[in-house]
Amino acid sequence: MNTSRIPGFYNLPIHERYPTLVQAAGLTLEELPPFEGGLTPEQADHMVENAVGTFSLPLGIALNFIVNGREVLVPMAIEEPSVIAGASFMAKLARAGGGFFATADAPLMIGQIQLLNLPDLPSARLKILEHKAALLTEANEIDPVLKKLGGGARDLEVRIIPDSPIGGFLVVHLIYDVRDAMGANAVNTACEHLAPRLEAISGGKAHLRILSNLADRRLARARCTIPVDELAFGEFSGEEVRDGIIAAWAFAAADPYRAATHNKGILNGVDAVVIATGNDWRAVEAGAHAYAARSGRYTSLSSWGKDAEGNLTGTLEMPLAVGIVGGATKVHPLAKAALKLMGVQTATELAEVIVSVGLAQNLAALRALATEGIQRGHMSLHARQVAIAAGASGDLIERVASQMVAEKVVRIDRAIEILQALSGQTTRNLGDQSRE
Ligand code: MEV
């Protein structure tokens, strides 16, 4: 990677961005295929049942990221305007403080085996623990490829669920190192394999055998420092912006209604990279929200404060079960290109980039909310979408959009009026448009 700073990238026509990107990434055109086309119908047909086609999303590049001292160009697949611009802008501010510093745990997933029909839960629990070493050895033999790569069973825990709608039962947790995979397949296979052994040892009946998406043994963390002067803009001083961001975070820390939206903003960034790399974003979402509620009260995944010099500091910690092998990561041509562009060598490194993007995205939202509000930033891309919906094409899209932004009226009826004035063309019926 040469640099993640590409001044003027936004203003290039879309077909000129790809060669510019390849050059900035220090790759060749052969090494980085264009982000076009995606899955063929045949590939889609092998992936899901009853496939009839494919569904695409915009793919953009978040610029300016430095993660652990390394320049990273980050691909993001997302339909929402302002997300990619927001992440890029905040990554630029963070550069002045050295970028993002991120760590991630070893790729340990948790597999759960539910054991029913046990009259004496404490004794059954200890019987299983007496066989722990043998059970781990057995679990290690299930996937020789994973074992060769240094993964496999790491630990076994037994939890008593004393009370539930069907009474008490045991839950065995198999802690499994899945290396560079997301790990669902490996863990589910191991759980299904161990279940009969656990039945024999405990005398119970194995019921569910499935991984947990609360991947709290596989956390990723990022922190950044934004020099307070970098935060100043317009009539806002750096201190005002910083304190506004901290007060916005305090709202999320204290109130679940706000925390849900705050964390959604983090996941805007996280999911976009998770999707671009062919990973399972539902798993990441489930893990993030469950982790945010781990204390019994749903709260913010991030925290914001200030250091001794008055600079803004931010942290984010969340489960991130993502892989660079298996699933769609190696099947989907764009996912392969996305991983290539980022230059990540391990799943852990991918998690470190993703958590950094989540923190940047959170900062972008809080900075906007704490100052001029979120709508202003959304306005210009939203205006373009409204202009297109009104029937504008080519140059007219930008002209109609700019006029609406200048007038601060971004509505379909106004877009149609401007379009008619600019082009004299007959547009679609206003009544039809307003119902869309
Ligand atoms: C919108 O997609 C995300 C935000 O609502 C996040 C937030 O409120 O922090 C702007």
Side-chain angles (χ1 to χ4, degrees), residues 57-62 65 74-94 100 221-224 226 231 233-234 236 240-276 281-282 284-293 297-306 312-318 320 354-386 405 410:
L57 285 172
L59 188 120
I61 307 296
F65 273 85
V74 187
M76 299 178 78
I78 188 158
E79 85 297 346
E80 185 173 325
S82 304
V83 169
I84 299 169
S88 304
F89 187 25
M90 294 309 113
K92 192 167 163 198
L93 298 189
F100 296 87
R221 309 165 194 85
R223 66 175 178 86
C224 66
I226 316 287
L231 290 167
F233 73 101
F236 299 102
E240 272 173 320
V241 177
R242 177 199 64 202
D243 294 345
I245 290 169
I246 296 171
W249 160 72
F251 186 1
D255 174 31
Y257 284 90
R258 173 58 204 151
T261 324
H262 176 99
N263 291 340
K264 191 270 183 182
I266 293 171
L267 288 159
N268 273 345
V270 167
D271 284 350
V273 190
V274 170
I275 294 170
W281 74 94
R282 289 88 54 211
V284 169
E285 285 270 339
H289 294 297
Y291 190 69
R297 187 174 60 81
Y298 186 90
T299 187
S300 165
L301 287 166
S302 64
S303 71
W304 291 95
K306 59 181 175 185
L312 178 70
T313 57
T315 68
L316 171 61
E317 183 174 57
M318 60 183 287
L320 259 179
I354 294 176
V355 73
S356 302
V357 176
L359 186 59
Q361 206 68 58
N362 185 217
L363 177 59
L366 298 190
R367 175 186 169 277
L369 289 167
T371 55
E372 59 192 10
I374 209 77
Q375 285 308 92
R376 214 185 104 88
H378 273 291
M379 208 62 105
S380 84
L381 275 175
H382 174 60
R384 286 202 225 171
Q385 286 175 351
V386 173
V405 171
V410 182

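Since this is a predicted model, take the numbers as computed values, not measurements. Counting convention: from 1, in listed order, for ligands and their atoms alike.
Of the protein's non-hydrogen atoms, E80 OE2, 3.5 Å is the one closest to atom 1 (C) of ligand 1. In terms of protein heavy atoms, atom 6 (C) of ligand 1 is closest to T261 O, 3.5 Å. Annotation: atom 3 (C) of ligand 1 to nearest protein heavy atom, N268 ND2, 3.5 Å. The protein heavy-atom contact nearest to atom 10 (C) of ligand 1 is I374 CD1, 3.7 Å.
Among the atoms of R258, some N or O lies under 3.5 angstrom from an N or O of ligand 1.
When each atom of ligand 1 is checked for a heavy atom of K264 under 4.0 Å away, the hits are 1 (C), 2 (O). Proximity to A365 (heavy-atom distance under 4.0 Å) selects the following atoms of ligand 1: 6 (C), 7 (C), 9 (O), 10 (C). Within the listing of ligand 1, atoms 6 (C) sit less than 4.0 angstrom from a heavy atom of G265. Numbered from 1 in the order shown, with element, the atoms of ligand 1 that lie under 4.0 Å from a heavy atom of H262 read 9 (O).
Counting heavy atoms under 4.0 Å from ligand 1, residue L369 touches it through the side chain alone.
With values rounded to the nearest 0.5 angstrom, L316 atom CG is found 8.5 Å from S356 atom OG. A distance of 10.0 Å separates CD in E240 from CZ in F233, rounded to the nearest 0.5 Å. Rounded to the nearest 0.5 Å, atoms CD1 (I374) and OG (S82) are 7.5 Å apart.
One side chain, N362 or W304, offers a donor N or O that lies under 3.5 Å from an acceptor on the other.
At distances below 3.5 Å, at least one donor-acceptor pair connects side-chain atoms of Q361 with backbone N or O atoms of V83. When atom types are taken as modelled, the side chain of S300 and the backbone of A259 share no donor-acceptor pair closer than 3.5 angstrom.
Judged by the 6.0 Å distance and 45° axis criteria, R367 is not positioned over the aromatic ring of F89.
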